[in-house]
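Here the structure is laid out as structure tokens; the discussion comes afterwards.
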Amino acid sequence: MTTSTETIEQLASREYQHGFITDVEQETIPRGLSEDVVRLISAKKQEPAWLLEWRLQAYRMWLTMKEPTWGNVKFDPIDYQNMIYYAAPKKKPVLQSLDEVDPEIRRTFEKLGIPLDEQKMLSGVAVDAVFDSVSVATTFKEKLGELGIIFCSFSEAVHHHPELVRKYLGTVVPYSDNFYATLNSAVFSDGSFAYIPKGVRCPMELSTYFRINAKDTGQFERTLIIAEDGAYVSYLEGCTAPMRDENQLHAAVVELVALDNATIKYSTVQNWYPGDKDGKGGIYNFVTKRGKCQGVNSKITWTQVETGSAITWKYPGCILQGDNSIGEFYSVATTNNWQQADTGTKMIHLGKNTKSTIVSKGISAGHGQNTYRGLVKIAKGAKGAHNYSQCDSLLIGDRCGAHTFPYLEIKNSTAKVEHEASTSKIGEDQIFYCRQRGLSTEDAVNMIVSGFCKDVFRQLPMEFAVEAQKLLSVSLEGSVG
Amino acid sequence: MSNLDNYQAEFEKARQQRAGEPARIGRVRDEAMRRFLAQGFPTTRHEEWRFTSVAPIAAANFALANGSGAAGETTARPFEIPDVFGAELVFVDGSYAPALSTPGTLPAGVQAGSLSAYAAGRADAIEQHLTQVAPFDRQPFVALNTAFFRDGAYINIPARTVLEKPIHVLFLSSGETRKDEQSSRESRPHFSCPRVLVVLGEQSQAAIVESYAGADGAEYFTNVVTEIVLGDSAVLDHYKLQHESTQAFHVSAVYLKAARSANCTSHSVSLGGALVRNDVIAVLGGEGGQCALNGLYVADGQRHIDNHTTIDHAMPHCDSREIYKGVLADRARGVFNGKIIVRPDAQKTDAKQTNRALLLSEDAQVNSKPELEIFANDVKCTHGAAVGQLDEDAVFYLRSRGIGLAEARRLLIHAFAGDVLNRMALEPIRTAVERVLQRQLARALAA
Amino acid sequence: MLTVRNLHARVAGREILRGINLEIMHGEVHAIMGPNGSGKSTLARVLAGHPEYEVTAGEVTFEGEDLLEMDPEERARAGIFLAFQYPVEIPGVNNAYFLKAALNTVRKQRGLEELDAMEFMTLVRERMKQLDMDESLLSRPVNEGFSGGEKKRNEIFQMAVLEPKLGVLDETDSGLDIDALKVVAGGVNAMRNADRAFLVVTHYQRLLNYIVPDQVHVLTEGRIIRSGGKELALELEEKGYGWLEQPVGG
């Protein structure tokens with residue numbers, strides 16, 4: 001073993017930092033999925049009849065569907081009847097203020113660096129904290145309310161703004177979309193809702209922090225963000241889970257709607273528990289995220305840093321419907337140990353002069369397998385569409401793998417499509433080169449990895465970029481050698 | 001009489017005129033002819049020829065050019081390159097034209113002249129390399145050339161020799177036709193099969209320019225094969241400038257083999273021809289070799305230009321850089337196929353390929369296909385492809401500053417092509433190409 | 001300055017160096033020549049401490065210190081610079097940033113103050129001019145997209161900025177055309193002085209026309225089989241390496 005490997009391995013002995021379990025009284029429903037369970041979830045949330053009906057339609061459809069098998073990932077079959085579909089901390093029926101949040105949960109979020117106390121928070125970020133199946137707190141609600149911005153849990157939105165939810169729910173990801181999205185539509189528990197009215201620029205970052213705590217539960221949250229004409233919002237999503245030996249399913253749905261001249265930036269730092277060194281445990285992160293640039297000149301940007309989860313399966317995409325609309329996707333996905341990721345994007349160009357940019361950086365280490373899968377579709381009417389894709393893979397060690405599957409469907413000859421791809425290996429050579437110039441191994445690795453990811457980190461809000469960089473160096477430690 | 005029979009007859013006729021040739025070459029020719037007849041001309045059912053139909057070549061009734069090498073004086077030279085060359089070899093209709101050539105004074109030991117003359121003199125490098133670099137088993141046009149080449153250029157630079165001035169090899173086609181004695185049919189257009197062999201010894205250095213031109217509007221078929229062998233640490237700057245008649249067929253293949261630490265740049269410029277197919281095959285066969293392939297093609301009317309390239313990384317630590325750009329106007333059609341092979345032993349390969357096409361009309365078309373075949377794990381391969389039209393915003397911007405529409409478009413196209421032109425180290429060549437390019441663009445834009 | 005005694009080294013279980021002895025004094029230029037696979041590049045990499053190579057016997061002292069005990073970065077900071085045969089690319093890491101980080105660690109080691117951005121740029125511009133390098137290379141990622149010639153020039157440029165005590169050039173001439181070769185040689189010659197030494201590893205004599213060595217050593221099969229003045233290189237070029245493989249002095 002070489003000295004540089006040793007140094008790195010020492011650093012690597014750090015474990016997943018968010019793996020603790022919160023001891024809080026939980027309310028769960030019995031294992032298994034049936035029409036009754038769907039009704040029970042809906043009843044617990046006191047939902048209107050139309051929503052229950054929607055859920056039931058989804059459930060019946062789901063019964064006829066099969067799990068997709070085209071992903072470049074391997075896992076044992078999931079037993080959908082041995083899972084708990086609803087878990088929530090017991091609490092008072094209605095919280096009057098943030099002070100009433102269960103102190104144990106409050107401490108949990110504090111430990112995760114997400115204080116729920118508005119005074120302690122970064123003044124520029126409003127947080128919706130989701131603990132297992134439910135939203136436990138949303139900060140800065142009133143301040144945002146003054147501008148007409150609605151930022152609350154999904155359940156709350158169903159009660160207080162049913163007309164908005166009903167108008168947009170399922171318009172971007174219909175309940176029939178795919179196996180996991182359909183399952184989510186039937187059993188989704190909570191999530192975040194944001195509505196930015198016409199002409200308003202949201203003054204702070206909106207953020208949802210997802211925490212899985214309960215054992216054997218699936219997490220099925222649903223997020224809906226609507227930006228009216230000329231509105232702007234930047235939204236951040238973070239997630240962690242305790243270390244458990246069993247795999248847990250996370251099947252979320254995110255829908256974004258941007259109307260004329262609206263801009264939505266959606267950033268994710270995904271750090272679900274990835275499983276241990278031998279590949280035991282970890283979250284199955286099977287997520288459907290899609291945005292619709294419905295209006296002219298609208299813009300949706302997805303930025304994701306995917307470091308956690310045992311398996312990641314997600315393709316945040318954009319439907320570019322409005323003329324001149326813009327879709328962007330920036331992604332860093334790392335897989336270490338036995339992690340698997342099959343991720344990428346879909347850019348569907350429908351409107352004229354629509355533009356999309358895809359920058360994907362995959363880092364594979366250990367036995368990690370990393371697949372980029374991207375679709376660029378240019379419809380016949382999408383005159384003057386333009387896509388630029390760049391897709392780079394970095395291999396660390398020789399037991400990991402990188403795979404690239406770009407799909408291009410071009411039906412209009414005025415389209416301009418550019419694609420670049422590279423695969424390279426970081427190894428002793430690069431590190432030795434840096435050391436020969438006097439730099440330490442640690443500095444060398446950090447320099448090489450952050451250089452590789454620079455194009456994506458640049459897209460993240462400042463605090464997140466720092467966080468992402470730290471996360472990345474932790475998640476890759478122990479992998480160079 | 002089918003057209004293949006026609007080639008068979010031409011082959012028999014040509015055999016009688018090759019008395020002085022080494023026996024090995026004669027045997028290779030027979031084999032090549034067999035291969036050609038067995039395969040015939042390729043069709044679009046062949047993957048390698050999917051987008052390029054050579055049916056017009058197959059259908060035409062060509063006669064082997066039998067030029068005396070004298071008729072070329074009147075043939076235009078589209079590239080007005082000033083006299084910067086150490087030597088200039090001129091061929092007319094496939095035959096050496098001593099009267100038009102300038103042997104020049106080259107460093108001691110350098111051989112540059114007529115291939116057939118050197119072959120008759122049993123030059124060692126010819127014995128060793130001629131027909132050995134370009135395979136013809138599954139390449140019908142290489143087989144055709146191998147069976148028929150009458151002459152061409154032979155350049156041999158001995159080890160450690162640095163050529164100060166470039167060597168120019170110019171192939172002119174007179175556009176003359178041949179009347180057959182036996183038949184009463186009309187005059188038949190000519191085909192010629194020039195062959196070029198370039199051998200660079202270890203640590204030698206040279207710049208070599210091949211150019212092709214023909215009488216304006218003449219119909220003929222040029223089918224050329226160039227074989228290049230680079231020794232250890234040899235450095236070559238190679239140019240192939242093609243400006244055939246707009247009615248001509250041009251099929252070419254450049255085969256390049258580079259040894260350890262050799263450094264080779266090959267530029268391919270295609271401005272003329274009705275139906276053009278260029279193949280460049282570079283084998284990096286020694287550790288630490290470098291290869292750059294640069295290409296520029298421009299077509300208007302109904303012309304068709306196809307560029308196929310292969311870079312074969314066979315050994316570790318080799319770098320390759322490739323950039324091909326095309327400008328297509330009217331109903332012209334372009335094809336680019338860039339293959340990069342990284343063999344299992346070729347660790348630390350660094351290959352970068354870019355190909356771009358600019359379509360000036362709705363009816364122009366390009367088919368572009370990068371192919372990466374990677375069998376080693378520690379490599380870096382990048383490819384980028386883009387097809388697009390002129391940026392109308394940029395055109396508008398220039399017009400808003402008072403520049404006329406045609407001029408604005410010309411400027412932008414020139415900037416597009418500049419990327420490739422700027423890679424040409426020989427300044428006089430670059431200037432000459434630019435001049436022809438300007439003329440051609442003016443014509444395409446005026447239409 | 002550098003003393004190598006009975007150095008043995010192997011890589012992947014194969015012995016490459018089989019007893020190297022070498023003494024380089026301040027201000028000297030030594031050339032190591034030899035056929036491909038003789039161990040020339042291995043010697044260069046072992047001196048720089050490449051982790052793939054295992055030293056199995058012998059000792060190396062540099063300025064009185066035991067070199068073999070040092071990590072690669074310690075050797076670099078102590079003043080050994082290796083110009084790589086195949087310079088490594090580091091995508092996304094800006095050349096100037098990389099070099100500044102390297103220079104400041106080296107300066108810190110030498111007890112000098114770190115340079116600020118302005119001072120650094122002044123120094124760097126001056127060195128680039130000497131090597132006829134385009135300034136845009138500074139803002140590009142380290143070696144990424146550089147041509148072979150640019151990479152080699154970049155190595156010499158880095159050396160000129162880092163000002164090592166001993167410059168080890170590993171086949172810096174391979175793949176270069178004659179003009180680039182002259183530029184590289186000029187860069188090295190400009191750095192020659194009474195304190196600084198160079199070890200020039202090359203397959204060919206040609207580089208030594210421009211960087212004239214004090215001593216030439218011929219390496220075959222992991223041993224130095226002949227040492228001499230600069231004429232030895234010419235003789236080798238003419239007669240080939242086979243000439244020396246016959247018994248010496250017989």
Side-chain angles (χ1 to χ4, degrees), chain B residues 107 157 159-164 200-207 230-238 258-265 284 286-292 294 315-323 346-354 378-382 384 422-423 425-426, chain C residues 12 33-38 40-41 45 52 84-92 134 136 140-155 170-182 184 201-210 233-234 236-241:
Chain B
I157 317 289
R160 292 183 291 283
T161 303
V162 174
L163 225 54
E164 300 278 327
L200 269 75
E202 73 168 46
Q203 296 184 81
S204 68
Q205 187 175 334
L230 276 82
D232 286 3
S233 288
V235 180
L236 173 67
D237 193 17
H238 171 250
R260 193 186 172 95
S261 296
N263 180 346
C264 178
T265 304
L284 290 162
E287 195 179 308
Q290 300 166 54
C291 167
N294 302 322
M315 295 296 280
H317 284 294
C318 292
D319 291 358
S320 66
R321 295 285 174 270
E322 178 172 17
I323 179 163
Q347 297 294 6
K348 307 282 177 194
T349 285
D350 182 352
K352 187 167 166 57
Q353 180 192 83
T354 308
D378 187 7
V379 303
K380 202 175 142 200
C381 289
T382 314
N422 291 339
R423 283 161 212 256
L426 284 180
Chain C
M33 298 185 69
N36 292 324
S38 59
K40 303 185 304 276
S41 288
R45 279 176 240 175
E52 256 177 41
F84 284 60
Q85 182 181 7
Y86 300 114
V88 179
E89 297 186 5
I90 309 175
D134 195 280
S136 68
R140 280 164 51 188
V142 180
N143 290 323
E144 198 190 31
F146 286 28
S147 70
E150 281 172 337
K151 282 183 188 169
K152 294 293 176 75
R153 250 184 281 183
N154 194 32
E155 292 294 285
D170 187 6
E171 298 207 24
T172 299
D173 51 336
S174 65
L176 291 185
D177 65 30
I178 192 80
D179 297 326
L181 186 78
K182 286 178 188 168
V184 162
V201 172
T202 177
H203 184 66
Y204 299 114
Q205 175 273 337
R206 185 164 69 171
L207 178 66
L208 306 181
N209 288 340
Y210 302 98
L234 286 166
L236 272 174
E237 186 84 0
E238 201 179 309
K239 299 184 183 167
Y241 290 109

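Scope of the values below: all heavy atoms of this structure, side chains included, with no hydrogens, waters or symmetry mates. Convention: sequence-line order gives letters A, B, ...; per-chain numbering from 1.
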Checklist entry - Is it the side chain or the backbone of B:Lys380 that comes within 4.5 Å of chain C heavy atoms, both, or neither? => result side chain

Checklist entry - Measuring heavy-atom distances to chain C, does B:Glu287 have an atom under 4.5 Å in its side chain, in its backbone, in both, or in neither? => result both

Checklist outcome for this item: Closest heavy-atom pair, C:Tyr204 versus B:Ser233, reported as atoms and distance to 0.1 Å, is CE1-OG, 3.1 Å

Checklist outcome for this item: Whatever's closer than 4.5 Å to a heavy atom in chain C on B:Gln203 counts as both

Checklist entry - Mind checking what makes ring-ring contact (aromatic ring centres under 6.0 Å, His included) contact with C:Phe84, not counting sequence neighbours? => result A:Phe432, A:Tyr433

Checklist entry - Taking NZ, NE, NH1 and NH2 as the nitrogens, is one of them in B:Asp350 or B:Arg321 under 4.0 Å from a carboxylate oxygen of the other? => result yes

Checklist entry - Can you say whether B:Asp237 sits under 4.5 Å from chain C via the side chain, the backbone, both, or neither, judging by heavy atoms? => result neither

Checklist entry - With distance as the sole criterion, is a donor-acceptor pair present between the side chains of C:Asp177 and B:Asn263 under 3.5 Å? => result no

Item to check | Under 4.5 Å from any heavy atom of chain B - which part of C:Glu89 | outcome: side chain

Next on the checklist: I'd like to check the side-chain contact (heavy atoms from CB on, under 4.5 Å) partners of C:Leu234; sequence neighbours left out, ordered by chain and number.
Outcome noted: C:Gln205

